[in-house]
Student: 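Before I ask anything, here is the structure I am working with.
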Amino acid sequence: MRRRRRRVAAWLIFTLAVLVMAMTGWSMAAIWQSRREGRDSYARLAVSVRRELPVWEPGAGGRAIDFTALQAVSPDAVAWLSCPGTAIDYPVMRAADYNQYLRHLPDGTYNVNGSLFIDFNCAFDFSDKLTVVYGHNMKSGQMFGSLAKYKEQAYYQEHPYFLLYTPGNGERRIDLLYDCVISVEDWQERAFSYQANLSALLAYAAHNTTFTSQARYTPEDRVVALSTCSYEFDGARFVVLGVLRPEA
């Protein structure tokens with residue numbers, strides 16, 4: 001009798017282990033599929049909204065974003081952010097809170113990649129002295145998954161600027177100034193997402209930056225902060241700051 005009970009118990013444990021493994025495998029496959037669908041969706045979107053500039057236009061040889069086409073997909077799309085030579089090449093969304101685009105693509109589809117979006121405390125047209133843009137640190141390298149590479153000086157030297165496209169302004173450049181790791185609690189307590197505290201944010205980042213930049217900030221400049229999760233400790237955030245230049 002005892003031997004039979006042991007066999008039944010062993011069989012139940014084995015069956016449970018198989019079920020757990022199957023569920024884990026299914027979950028991982030679903031996440032992988034969602035990441036791939038998000039990547040493909042953004043790739044199709046980029047193809048559909050990018051326009052080559054005619055040679056007679058200012059900035060010949062560059063590109064433009066068709067915001068009529070982009071906002072037909074979502075009226076919340078207010079900009080396009082790109083870092084040449086990297087995977088970062090995405091629309092930037094406006095949102096009413098921190099959750100709206102955390103797990104949704106621009107067209108509203110649920111997806112683990114989410115979207116890049118502006119902090120709702122900031123002006124959506126990048127006219128504030130400080131604009132904060134959030135994005136996921138994806139292990140696949142998508143979204144802001146490559147942002148943490150700025151912790152290395154060599155990476156900064158290879159990619160010292162971003163390109164920002166907004167309606168009516170064409171292509172502008174974001175010359176990178178500093179980066180820093182900060183806890184989400186510290187970020188919130190210091191209210192660094194508000195332009196009133198820009199000087200304190202720049203001072204903090206200058207003291208903690210991991211790369212040395214040739215760019216310079218003046219009080220007339222507008223600053224863009226790119227923020228993503230980091231993994232040095234629980235609740236860590238990695239932020240890269242740059243100055244928005246009037247044209248690329």
Side-chain angles (χ1 to χ4, degrees), residues 37-95 100-101 104-109 111 113-120 122-136 138 141-147 150 156 158-177 215 220-228 240-248:
E37 290 174 352
R39 178 200 63 200
D40 293 347
S41 177
Y42 279 118
R44 291 191 300 269
L45 183 61
V47 170
S48 69
V49 303
R50 282 199 178 279
R51 301 290 182 266
E52 297 292 337
L53 290 174
V55 294
W56 47 265
E57 286 191 10
R63 291 180 174 182
I65 297 298
D66 184 344
F67 278 96
T68 300
L70 179 57
Q71 291 177 343
V73 176
S74 174
D76 287 341
V78 295
W80 192 280
L81 185 67
S82 175
C83 183
T86 77
I88 299 175
D89 190 32
Y90 301 109
V92 181
M93 314 301 289
R94 62 182 177 185
Q100 185 175 353
Y101 284 105
H104 288 87
L105 301 178
D107 64 3
T109 303
N111 190 272
N113 285 351
S115 301
L116 304 186
F117 62 95
I118 296 176
D119 191 301
F120 63 87
C122 304
F124 297 138
D125 60 358
F126 290 79
S127 61
D128 279 348
K129 298 293 291 182
L130 172 66
T131 304
V132 183
V133 179
Y134 299 103
H136 283 303
M138 304 296 293
Q142 298 175 57
M143 311 315 294
F144 277 168
S146 61
L147 203 63
Y150 279 103
Y156 160 76
E158 293 173 357
H159 310 284
Y161 65 88
F162 279 65
L163 295 176
L164 179 72
Y165 304 83
T166 53
N169 290 297
E171 181 183 273
R172 289 179 286 175
R173 195 178 71 243
I174 302 173
D175 288 341
L176 301 185
L177 279 172
E220 291 74 34
D221 287 325
R222 282 175 284 174
V223 173
V224 178
L226 312 176
S227 177
T228 192
V240 176
L241 297 98
V243 289
L244 182 60
R245 300 305 185 195
E247 60 184 27

Student: Is any side-chain heavy atom of Phe117 less than 4.5 Å from a side-chain heavy atom of Pro106?
Tutor: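 Answer no - side chains too far apart.
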Student: Can you list, pair by pair, the side-chain donor-acceptor contacts under 3.5 Å of residues 158-165, counting residues two or more places apart and other chains?
Tutor:
unit_1: His159; atom_1: ND1; unit_2: Pro84; atom_2: O; d: 3.2
unit_1: Tyr165; atom_1: OH; unit_2: Glu171; atom_2: OE1; d: 2.7

Student: Measuring from Asn113:CG to Gln142:CD, what's the distance to the nearest 0.5 Å?
Tutor: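 Answer for the CG-CD pair, Asn113 versus Gln142, is 4.5 Å.
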Student: Hey, does Phe67 have a side-chain heavy atom less than 4.5 Å from the side chain of Val49?
Tutor: no
Student: For Asp221, check salt bridge (Lys or Arg N to Asp or Glu O under 4.0 Å) against everything at least two apart and list the hits.
Tutor: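 Counting only residues at least two positions away or on another chain, Asp221 forms a salt bridge (Lys or Arg N to Asp or Glu O under 4.0 Å) with Arg245.
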Student: Taking side chain to side chain donor-acceptor pair (under 3.5 Å) as the test, write out the residues that go with Tyr156, two or more places apart.
Tutor: Ser213
Student: I'd like to check Phe126 versus Ile118 (side-chain heavy atoms, cut-off strictly below 4.5 Å). Are they in contact?
Tutor: yes
Student: Quick one: list whatever passes side chain to side chain donor-acceptor pair (under 3.5 Å) with Asp89, sequence neighbours left out.
Tutor: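 Asp89 satisfies side chain to side chain donor-acceptor pair (under 3.5 Å) with Arg50, Trp80, Ser82 once adjacent residues are dropped.
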Student: I want to check something: taking the side chain as every heavy atom from C-beta on, are Leu81 and Leu226 in contact at a cut-off of under 4.5 Å?
Tutor: yes
Student: State, with a plain yes or no, whether a side-chain heavy atom of Asp119 is found less than 4.5 Å away from one of Val133.
Tutor: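 A side-chain contact under 4.5 Å is absent here.
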Student: Is the closest side-chain heavy-atom distance between Asp125 and Thr166 below 4.5 Å?
Tutor: no
Student: Identify, with sequence neighbours excluded, every residue that meets salt bridge (Lys or Arg N to Asp or Glu O under 4.0 Å) alongside Arg94.
Tutor: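 Arg94 satisfies salt bridge (Lys or Arg N to Asp or Glu O under 4.0 Å) with Asp76 only.
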Student: Run the side-chain hydrogen bond (donor to acceptor under 3.5 Å, both in side chains) test on Asn111 and Thr109 for me, step by step, so that the C-alpha distance in whole Å, both residues' side-chain angles and the decisive distance to 0.1 Å come before the verdict.
Tutor: CA-CA 6 Å; Asn111 190 272; Thr109 303; over 6 Å; no
Student: Report the residues that fulfil side chain to side chain contact (heavy atoms under 4.5 Å, CB included) with Ala225, sequence neighbours left out, ordered by chain and then residue number.
Tutor: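 Side chain to side chain contact (heavy atoms under 4.5 Å, CB included) check on Ala225 returns Leu130, Val132, Val239, Leu241.
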